[in-house]
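Reckoned from all heavy atoms, side chains included, excluding hydrogens, waters and symmetry mates. Values in this document were obtained by computation on a predicted structure and should not be read as measured data.
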Amino acid sequence: MVIVDNGYFFISIIHSKIFQRINMKPFIHFICILASSLALFSCGDHHHHDEDHHAHLLSYCTYSDSIEMFLTASPIFVGEETHLTAHFTSLANYKPVSDAKVDITVVSQRANKHKLDAHCTADGIYSACFTPQHAENVTITIHMTDAHGKKHVFNLPEKIFVAADEEAAEHYAEEREVEAISAVHLPKEISWNMDFSVETPRMLPLGDVIHTVGKILPGQSDEMDICASVSGKVILGSRSLTSGQPISQGQTICTIDATGTASDNLWVEMEKATAEYEKCRKEYLRISQLAHDRLVTATQLEAAKRDMDNASAVYNNLKKHFSSGKQYLSAPESGFIKNLYVRSGQYVTEGTLIATISQCRSWLLQAEVSPGSLQYLHNYSDATLRLPNSSQMAVSLKSLGGHLVSIGKQVNEGNTLVPVVFSMSSIGHFVPGVWLDMYISTQSSDSLLTVPSQAVMEEMGTYFVFVQLTPELFEKRYVKIGATDGLHTTILEGILPNDRIVTKGAVQLKLQQSSGTVDPHAGHNHG
């Protein structure tokens with residue numbers, strides 16, 4: 001029987017007769033192979049435990065104007081090779097900094113300087129090793145040159161203690177370890193691959209906020225209705241002509257054929273207009289000759305001239321727009337067809353609405369507020385728009401070129417709210433005619449501590465944010481909130497002005513904390 005116990009083994013022959021029958025040479029060969037395999041297994045397992053032996057890591061974080069540097073190190077003691085791992089994150093997008101050149105300088109208390117070339121072990125991660133020779137304090141400086149040639153220098157905020165032995169080093173690392181009861185560990189390799197960012201709170205003069213709804217409408221001079229001037233059958237200018245299609249100035253929308261109708265026949269109208277014009281023209285010429293001979297009065301001449309001009313206007317209008325008994329309708333300005341109300345072959349009468357053309361040059365945003373809120377609008381600052389029940393980020397009205405145009409002076413019959421109108425030069429990703437959640441904010445004389453609204457999470461009627469303890473450790477911090485304008489939320493209690501708050505990725509952190517399924521060491525490949 002072969003018995004294995006933590007890498008050691010012994011063989012017990014239960015029955016002596018069996019032992020006697022065994023050919024010893026191949027048996028001994030088998031035992032040697034088995035012993036070698038178990039020894040390898042034991043060594044591999046021992047090496048694995050050595051890698052995980054250091055339960056605590058030293059960690060430091062510092063910043064340049066555009067980059068976050070996060071350094072981790074195993075506990076440092078004399079004679080042991082120490083691994084230094086630097087993570088570089090762009091503050092512009094919280095993604096790893098690639099294609100950089102990194103070196104690490106270690107200066108001992110004895111003024112000995114060691115320059116270490118760090119090698120890239122993964123995107124944004126650089127590692128170096130050194131072996132201290134004396135128990136002392138050391139200063140570590142990281143020099144990084146990015147892909148654009150810009151140099152960044154990161155000085156650690158404190159000196160690092162090199163212990164005399166492993167036990168003292170572990171104790172030092174344990175004392176410095178950052179801990180929190182409600183903390184979530186998120187490795188850099190994971191946060192780099194999600195929509196993630198961190199910001200410090202901002203002091204903003206956020207005053208009273210009016211929460212209401214609003215609707216985007218075209219500007220008053222931005223839409224034109226095209227109507228039929230005669231009765232007849234519609235023939236569209238293009239089979240592909242539909243609502244929402246761009247259209248150029250002068251492009252034909254449709255033709256109205258009025259020649260085939262029994263009544264209001266355009267061809268007949270044209271003949272009548274031509275005959276009337278010729279009649280009035282000849283009469284005017286006759287009266288003019290008589291006036292030259294002083295046989296008629298000036299009043300009679302003016303009346304003949306007026307009749308001819310009127311007949312000429314009707315004739316020329318029909319000739320211009322209704323040649324061959326048809327009316328040609330074209331776009332007076334470039335824009336797009338907001339609505340097309342007819343189809344080919346449809347019979348329309350004079351005055352029928354054919355199409356509406358919009359130019360998208362200006363927009364109106366109409367909201368309604370309670371009469372009691374009107375007093376706050378005199379200190380109007382901005383408004384925030386958001387689609388209801390949408391994950392899309394709220395948008396500032398000022399960023400869309402918006403400003404307050406008018407405040408209603410009275411309520412309409414059957415409505416207890418007062419209309420408030422804003423103008424906009426752009427509507428962003430919003431669609432005209434859709435109702436939007438709207439936060440109208442007013443200016444305050446005092447600046448208040450605020451965070452982006454997307455950073456604030458709600459749980460059973462309470463609110464919290466995630467505060468960065470280290471670039472890989474985030475604490476769930478309960479807060480008391482004040483007013484919100486949709487973009488920013490006032491924090492009355494719970495955080496400090498220099499706290500770093502997770503603004504993008506808070507939802508994922510909340511889900512991760514609830515599930516508790518992510519390994520604290522997941523994603524690390526620090527070489």
Side-chain angles (χ1 to χ4, degrees), residues 217-237 241 247-335 337-342 344-359 361-362 364 405-406 409-410:
L217 304 171
Q220 293 293 342
S221 60
D222 217 31
E223 289 190 350
M224 295 163 284
D225 288 333
I226 309 299
C227 299
S229 298
V230 296
S231 299
K233 185 173 70 173
V234 173
I235 303 172
L236 292 179
L241 203 66
I247 192 166
S248 303
Q249 183 179 12
Q251 181 178 338
T252 300
I253 299 174
C254 70
T255 301
I256 300 177
D257 187 353
T259 59
T261 57
S263 59
D264 298 327
N265 189 297
L266 189 59
W267 185 258
V268 175
E269 294 296 323
M270 185 66 185
E271 290 296 320
K272 289 181 179 179
T274 302
E276 181 66 19
Y277 170 65
E278 285 298 321
K279 171 188 171 184
C280 292
R281 186 178 69 83
K282 291 178 179 179
E283 179 64 14
Y284 172 71
L285 292 176
R286 188 183 71 82
I287 296 294
S288 296
Q289 185 63 39
L290 293 175
H292 180 73
D293 295 334
R294 298 181 182 275
L295 298 176
V296 295
T297 63
T299 301
Q300 290 175 309
L301 180 62
E302 289 176 3
K305 177 70 166 55
R306 184 170 58 251
D307 291 342
M308 186 189 69
D309 289 342
N310 291 337
S312 175
V314 173
Y315 168 75
N316 288 326
N317 182 59
L318 288 171
K319 184 178 179 181
K320 179 180 179 181
H321 295 99
F322 311 113
S323 60
S324 302
K326 299 177 181 178
Q327 180 190 13
Y328 295 89
L329 294 177
S330 58
E333 298 286 348
S334 296
I337 300 176
K338 179 182 178 181
N339 287 305
L340 183 65
Y341 301 101
V342 296
S344 281
Q346 179 179 340
Y347 178 81
V348 296
T349 58
E350 182 180 352
T352 299
L353 184 60
I354 302 297
T356 299
I357 296 178
S358 181
Q359 294 180 287
R361 293 179 303 187
S362 63
L364 296 177
V405 174
S406 64
K409 304 301 181 184
Q410 63 182 26

Take Lys305 and Glu302 through the salt bridge (Lys or Arg N to Asp or Glu O under 4.0 Å) test and state the conclusion after the steps.
CA-CA 5 Å; Lys305 177 70 166 55; Glu302 289 176 3; over 6 Å; no

Can you tell me how far the CE atom of Met308 sits from the CD atom of Glu278, to the nearest 0.5 Å?
11.0 Å

How close do Gln249 and Ser334 get, counting heavy atoms only, and between which atoms?
N-OG, 3.0 Å

Once you round to the nearest 0.5 Å, how far does CG of Leu340 lie from CD1 of Ile226?
11.0 Å

Reported NZ-to-CD distance for the pair Lys338 and Glu223, which is rounded to 0.5 angstrom
3.5 Å

Looking at every non-hydrogen atom in both residues, tell me the closest pair between Ser248 and Ala331 and how far apart they are.
O-CB, 3.5 Å

Could you go step by step and tell me if Ile253 and Ile357 meet the side chain to side chain contact (heavy atoms under 4.5 Å, CB included) rule?
CA-CA 10 Å; Ile253 299 174; Ile357 296 178; 3.8 Å; yes

Kindly say whether Leu236 contributes a backbone atom to a donor-acceptor pair with the side chain of Ser344 at under 3.5 angstrom?
yes

Partner of Ile287 by side chain to side chain contact (heavy atoms under 4.5 Å, CB included), out of Leu295, Thr297, Leu301, Asp307:
Leu301

Nearest 0.5 Å, what's the CD1-CG distance between Ile354 and Leu329?
6.0 Å

If you measure from OG on Ser358 to CD on Glu333, what distance do you get to the nearest 0.5 Å?
12.0 Å

Please name the pair of heavy atoms, one in Cys280 and one in Ala311, separated by the smallest distance, quoted to 0.1 Å.
SG-CB, 3.9 Å

Measure across Val342 and Gln346 and return the closest heavy-atom pair with its distance rounded to 0.1 Å.
CA-OE1, 3.3 Å

Thr352 side chain near Ser231 side chain, heavy-atom distance below 4.5 Å
no

To the nearest 0.5 Å, how far apart are OG1 in Thr252 and CD1 in Ile235?
12.0 Å

